[in-house]
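What follows is a short report on a single structure.
Numbers restart at 1 for each chain; the letters A, B, ... are given by sequence-line order, proteins then strands.
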2 protein chains.
Amino acid sequence: MTDLIRQDVLKKLEDGDYSCRKEFTLAMFSGKWKINLIYHLGHDGAYYFYELQRLLPQASHKELAKKLKELVADGLLDRQEEAGPRTKTVYSLTPLGRSLLPIIDAMYAWGDQRLSELQLDKITFSLGDPKKS
Amino acid sequence: MTDLIRQDVLKKLEDGDYSCRKEFTLAMFSGKWKINLIYHLGHDGAYYFYELQRLLPQASHKELAKKLKELVADGLLDRQEEAGPRTKTVYSLTPLGRSLLPIIDAMYAWGDQRLSELQLDKITFSLGDPKKS
DNA sequence: CTGGATCCACTGTGATACTG
DNA sequence: CAGTATCACAGTGGATCCAG
C-alpha cells in the first residue's frame with residue numbers, strides 16, 4: 001500500500017516540487033518487500049532473481065519483479081544480465097542504495113527494541129491476569 | 001498503500017511471530033501523512049486536531065482522524081480531550097514516538113541530499129542537452 | 001531464468017454527510 | 001471541534017499464463 005506515497009512524490013518531482021524530503025526517502029523503501037530486498041542485498045552482497053525468490057517465498061513472482069524494477073529505476077539497485085541458455089539476472093546495491101543502510105539498520109534496531117518490550121508486556125500481562133480458567 | 005505492511009505486521013504479532021524488526025518500524029510511519037504528523041509534532045510540540053488539518057491541507061478530515069487513531073493505538077501519540085462548548089483534542093508525541101525522531105530526521109537528511117543531486121542533474125542535463133529549439 | 005500481461009479480489013483514500 | 005459511516009474509485013497484490 002505504500003506505493004501511493006511513491007506516486008505522490010514522483011508527481012511532485014515532475015511538477016518541480018522538491019519540498020518533500022522525508023516522503024521521498026520513505027518512498028524509496030516503502031512498498032511491500034522493498035525494505036527486505038535492500039536489507040538482504042546490503043548485508044549479503046548480490047543475488048540472482050531466483051535467489052531472491054527463495055529468500056522471500058511469500059512474495060509473488062510478479063511483485064518481486066515489479067519492486068526490483070522500481071528500485072533500479074530509483075537508482076538504488078544495479079541490474080546485470082548474464083548471458084546463457086537461461087538468461088540470469090544479478091541484482092546488487094548501488095552506492096546510493098548502500099547509503100540507505102544506516103537508516104534501515106536504525107529501523108531494525110528500533111523494531112528489535114520495541115518488540116522486546118511488547119513481548120515483556122505480554123508475559124507480564126499473562127502472569128498477572130491469566131486468560132486460562 | 002502502506003497499511004498493508006501494518007496489517008501484515010500486526011497479524012504476525014498476533015501469531016506470536018516477532019521476526020519482523022524493520023517491517024515493524026516501517027509500519028509505524030508508513031501510511032499516508034503519518035510521517036508528516038510525527039515530524040510536525042516532534043518539532044513543534046503539541047497540536048489541536050484542527051491545527052493539524054491546517055498544517056496538512058491536502059489530507060482529508062477522515063484520513064487524518066484515522067491515521068491519528070492508529071498512531072495513538074501504536075503508542076506513538078498521546079491524545080488529550082479538552083472539555084468545552086466545542087470539544088478540542090490535543091495530540092502530542094509520547095516518549096516512544098519521540099524515539100523515532102532520529103530515524104525520521106535521518107530520512108529527511110537523506111532525502112534533502114538526494115533531491116539536491118537530482119536538481120543538479122536536471123540542470124546539467126538542461127545545459128548539455130537543451131530541450132528548447 | 002526473467003519479465004510482463006491479464007484477470008480478479010481486496011485495501012486505501014477522498015468526498016460527503018451525520019452525530020455528539 | 002472531533003469522530004465516524006457510506007459510497008465510489010484507484011492502487012495493489014496474487015494466481016495464472018505467455019514470451020524471450
Side-chain angles (χ1 to χ4, degrees), chain A residues 1-12 23 26-27 29-37 41 46-73 77-92, chain B residues 1-12 23 26-37 41 46-74 77-92:
Chain A
M1 101 189 125
T2 305
D3 289 330
L4 270 182
I5 293 179
R6 190 168 181 273
Q7 300 306 318
D8 279 5
V9 172
L10 291 181
K11 192 169 204 171
K12 281 188 185 174
E23 293 92 327
L26 180 56
F29 48 71
S30 64
K32 234 177 167 184
W33 315 116
K34 279 192 179 182
I35 201 174
N36 293 287
L37 290 169
L41 289 171
Y47 279 116
Y48 288 111
F49 182 86
Y50 68 91
E51 291 178 314
L52 292 172
Q53 270 189 297
R54 260 183 273 153
L55 236 51
L56 277 47
Q58 315 266 31
S60 72
H61 175 104
K62 190 192 72 173
E63 281 306 302
L64 211 49
K66 190 178 174 187
K67 297 305 181 191
L68 284 168
K69 190 176 181 181
E70 288 180 2
L71 289 168
V72 171
L77 261 50
D78 196 36
R79 202 188 94 109
Q80 285 291 332
E81 291 192 3
E82 282 185 8
R86 287 294 185 197
T87 314
K88 293 195 287 186
T89 313
V90 190
Y91 290 94
S92 58
Chain B
M1 79 204 123
T2 305
D3 287 330
L4 268 185
I5 293 179
R6 190 170 181 274
Q7 301 305 320
D8 278 4
V9 173
L10 290 182
K11 193 167 202 170
K12 281 189 187 175
E23 293 93 326
L26 180 57
M28 291 299 101
F29 47 71
S30 64
K32 231 177 170 183
W33 314 117
K34 278 192 177 180
I35 200 173
N36 292 288
L37 290 170
L41 290 171
Y47 277 116
Y48 288 110
F49 182 88
Y50 69 90
E51 291 178 314
L52 291 171
Q53 270 189 295
R54 259 183 274 150
L55 236 51
L56 276 47
Q58 315 268 30
S60 71
H61 175 102
K62 191 195 70 171
E63 279 308 302
L64 211 49
K66 189 178 173 184
K67 298 306 182 192
L68 285 168
K69 192 175 179 179
E70 289 181 1
L71 289 168
V72 171
D74 288 338
L77 261 51
D78 196 35
R79 201 189 94 107
Q80 285 291 331
E81 291 192 3
E82 282 185 10
R86 286 294 185 197
T87 313
K88 294 196 285 188
T89 312
V90 191
Y91 289 93
S92 57

* **Minimum-distance nucleotide (side-chain atoms of Tyr50(B) versus dC1(C), dG14(C), dC1(D))** => dC1(D)
* Asked: Under the side chain to side chain donor-acceptor pair (under 3.5 Å) test, which residues partner Tyr47(A), sequence neighbours left out?
  -> Asp44(A)
* Structure fact -> Taken to the nearest whole Å, CD/Glu63(B) to C1'/dG14(C) is 7 Å
* Could you please name the option among dT2(C), dG20(C), dG14(C) that lies closest to any side-chain atom of Arg86(B)? => dG20(C)
* To do: Taking only the side-chain heavy atoms of Lys32(B) (C-beta and beyond), determine which of dG13(D), dT2(C), dT13(C) contains the nearest atom.
  => dT13(C)
For nucleotides 3-6 of chain C, list the nitrogen or oxygen atoms of the protein found under 3.5 Å from its nitrogen or oxygen atoms, one pair per line.
residue	atom	partner	partner atom	Å
dG3(C)	OP1	Arg79(A)	NH1	2.1
dG3(C)	OP1	Tyr91(A)	OH	2.8
dG3(C)	OP2	Tyr91(A)	OH	3.2
dG3(C)	N7	His61(A)	NE2	2.6
dG4(C)	OP1	Lys69(A)	NZ	3.2

* Taking the nucleotide of DNA chain D with the closest heavy atom to each, which residue, Thr87(A) or Lys67(A), is nearer the 5' end? -> Lys67(A)
* Asked: Between Tyr47(A) (OH) and dC1(C) (P), how many Å, whole number?
  -> 17 Å
* To do: For residues Tyr50(A) and Lys88(A), report the shortest heavy-atom separation together with the two atoms involved.
  => CE2-CD, 3.9 Å
* To do: For Asp78(B), check salt bridge (Lys or Arg N to Asp or Glu O under 4.0 Å) against everything at least two apart and list the hits.
  => none
With a 3.5 Å cut-off and sequence neighbours excluded, list the donor-acceptor pairs that the side chains of residues 52-67 of chain A form with protein atoms.
residue	atom	partner	partner atom	Å
Gln53(A)	NE2	His61(A)	ND1	3.4
Ser60(A)	OG	Glu63(A)	N	3.3
Lys67(A)	NZ	Asp3(A)	OD1	3.4
Lys67(A)	NZ	Asp3(A)	OD2	2.4

* To do: Using the test side chain to side chain donor-acceptor pair (under 3.5 Å), find all partners of Gln80(B) that sit at least two apart in sequence or belong to another chain.
  => none
* **Exercise: identify the closest heavy-atom pair between Leu71(B) and Met28(B)** => CD2-O, 3.7 Å
* **Rounded interatomic separation in angstrom, taking CZ from Arg54(A) and C1' from dT2(C)** => 15 Å
* Structure fact -> Whole-Å distance, Glu70(B) CD to dG12(C) C1', equals 10 Å
* Pairing residues for Glu82(A) by the salt bridge (Lys or Arg N to Asp or Glu O under 4.0 Å) criterion, not counting sequence neighbours -> none
* Could you check how far CZ of Arg6(B) sits from P of dT13(C), rounded to whole Å? => 11 Å
* Could you give the CG-to-C1' distance, from Leu64(A) to dC1(C), as a whole number of Å? -> 13 Å
* Look at the side chain of Lys88(B) and decide which nucleotide, out of dC1(D), dG14(D), dG14(C), has an atom nearest to it. => dC1(D)
* **Length of the line joining Glu51(B):CD and dC1(D):P, which is rounded to integer Å** => 11 Å
